[in-house]
Number of protein chains: 2
Amino acid sequence: MRHKTDLGALLAHQPLFRSLDAAQLAVMTAAAQKISIEKNDFVFHRGDPCNGLHVVAVGHIKLAVPAANGQQKVIDFFGPGDAFGEAFMFLDKPYMVEAQALDDSLLIWIDKQDIYNAIDRDPSFARRMLAGLSLRLHTLVKDIETVNLQNATQRVVAYLLSQPREADETRFPFNKGLIASKLGLTPETLSRLLHQLAEAGLIEVSGKRVQIIDSAALEARMYVA
Amino acid sequence: MRHKTDLGALLAHQPLFRSLDAAQLAVMTAAAQKISIEKNDFVFHRGDPCNGLHVVAVGHIKLAVPAANGQQKVIDFFGPGDAFGEAFMFLDKPYMVEAQALDDSLLIWIDKQDIYNAIDRDPSFARRMLAGLSLRLHTLVKDIETVNLQNATQRVVAYLLSQPREADETRFPFNKGLIASKLGLTPETLSRLLHQLAEAGLIEVSGKRVQIIDSAALEARMYVA
DNA sequence: TGATTTACTTGACCGGGGTCAATCCCACCC
DNA sequence: GGGTGGGATTGACCCCGGTCAAGTAAATCA
């Protein structure tokens with residue numbers, strides 16, 4: 001389904017496209033497509049060819065590497081304003097990850113050629129893409145560091161402290177199984193560690209809600225072997 | 001030390017700069033610096049500010065995340081023609097990794113501003129940078145997949161089979177400890193697994209030299225739990 | 001609302017790979 | 001040639017976190 005009318009407005013609100021002038025935005029709008037996708041549906045699968053990139057307008061998308069027995073390793077989550085799949089586009093390689101909607105979502109899809117045109121016309125658009133890829137790279141390096149150099153407790157604590165919180169309260173944005181996979185853990189282990197932190201009086205968990213009781217002691221747990 | 005004369009020739013041979021025209025190349029050459037660095041010396045440390053990028057002309061560089069007790073996690077190795085550190089440059093963040101020479105090496109350093117100028121003038125240069133970052137990202141995702149979804153044996157076998165070989169012979173390009181770290185293993189475990197593969201008659205190891213005896217059986221090991 | 005699936009938790013068990021320490025091997029050097 | 005020091009190997013041991021299975025809570029749907 002395509003609604004050219006509000007597509008332009010949608011695009012203009014995405015960080016990636018904020019630098020484009022009116023003419024460029026019009027071109028991009030003409031080329032872009034709205035994709036609405038239902039919760040749990042796939043945007044693409046591993047092995048699919050990649051002819052463009054996606055931007056999340058509404059909802060949340062999970063990027064993951066599928067494994068043998070229905071397993072998976074979550075690479076990252078994407079929300080409104082985030083672009084994903086660019087790296088595969090620039091490499092002209094098929095996707096090696098799969099993208100699945102975690103909520104009913106609205107995506108914007110843009111053809112590779114249109115991206116290249118925007119790069120050619122607007123260097124600041126190129127810079128924005130470079131910054132976006134660099135940020136993604138930075139995140140992955142941090143993830144690799146985390147998985148290799150920190151034990152399970154440290155990873156869980158680091159995750160809790162990295163989440164946005166108000167009045168010392170945080171929420172798991174998605175199912176705990178997904179968070180566990182992102183942290184390189186099994187759901188069982190995550191559950192046990194949360195329980196253990198709760199018993200130590202550092203947090204209180206109920207459902208997706210987490211109360212941070214003693215953030216100083218929590219941080220201390222990140223630095224003990 | 002700076003030798004403007006051959007710097008231009010050096011630059012012109014790097015994949016990154018092949019698209020530049022003579023004028024741009026001249027500008028870049030004027031701005032670039034040769035850095036010679038001895039084996040085991042550091043190009044930069046974690047936390048250093050990043051004002052440009054490095055290209056390897058001669059030698060080999062190791063990127064790694066330093067850890068507490070002198071430990072480290074090797075992120076990747078870079079050889080002639082490879083650029084490294086770009087991501088931190090585009091993010092305006094200090095390095096979160098350290099770079100160390102594995103051989104006596106010759107690097108080319110280019111200031112951030114000059115890179116931005118080249119991007120502004122030459123969209124195909126921008127594309128090249130984007131492709132470079134995308135490739136790096138792709139590599140990291142594969143590494144994350146490997147560490148999370150494959151056991152130690154599978155990782156070692158995958159590494160052996162991924163290395164260039166002639167007449168079924170491969171070599172470890174660096175100390176085994178570094179390879180082990182890259183694979184997310186301890187040197188002890190790598191040693192044991194190599195021994196084990198050798199006992200099974202799949203390979204023969206002597207020093208850095210590895211003879212692949214039965215590549216079919218090796219590949220089979222990648223797919224068993 | 002109750003029924004059925006899906007998510008989460010808890011327990012018992014186990015094994016892959018890490019740790020620590022001793023030894024070996026070889027490259028390098030006088 | 002023998003010494004020396006760092007990398008590599010090997011052995012003994014153990015623990016973290018995974019696996020399997022059962023039970024419980026929570027979400028979804030008719």
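Naming convention: chains lettered A, B, ... in sequence-line order (proteins, then strands); numbering from 1 in each chain.
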OP1, OP2 of [N] versus side-chain N and O of [X]: anything below 4.0 Å?
X        : N      : answer
A:Ser191 : C:dC8  : no
A:His195 : C:dT9  : no
B:Lys176 : D:dT9  : yes
A:Thr189 : D:dG18 : yes
B:Thr186 : C:dG17 : no
B:Asn151 : C:dG16 : no

If I take atom [atom1] in residue [X] and atom [atom2] in nucleotide [N], what distance separates them, rounded to the nearest angstrom?
X        : N      : atom1 : atom2 : result
B:Lys208 : C:dC26 : NZ    : P     : 13 Å
A:Phe172 : C:dA7  : CZ    : P     : 16 Å
A:Lys39  : C:dT6  : NZ    : C1'   : 11 Å
A:Phe174 : D:dA26 : CZ    : C1'   : 19 Å
A:Asn175 : C:dT6  : CG    : P     : 12 Å
A:Arg209 : D:dA26 : CZ    : C1'   : 15 Å
B:Leu194 : D:dA8  : CG    : C1'   : 11 Å
A:Glu188 : C:dA12 : CD    : P     : 15 Å

**OP:** Using atom types as modelled and distance alone, determine if a side-chain donor or acceptor of B:Gln72 lies under 3.5 Å from a backbone N or O of B:Ala67.
**Re:** no
Original post:
Is A:Ser181 reaching over with its side chain to a backbone N or O of A:Val74, donor-acceptor style, under 3.5 angstrom?
Top reply: yes
Subject >> A:Lys73 side, atom NZ; A:Lys182 side, atom NZ - distance, nearest 0.5 Å >> reply: 7.0 Å
Subject >> Lys/Arg-Asp/Glu bridge criterion (N-O < 4.0 Å) met for B:Glu169, B:Arg209 >> reply: yes
Subject >> Any donor-acceptor N/O pair under 3.5 Å between D:dG11 base and B:Arg192 side chain >> reply: yes
**OP:** Classify the ring geometry between B:Phe84 and B:His54 as parallel (under 30°), tilted (30 to 60°) or perpendicular (over 60°).
**Re:** parallel
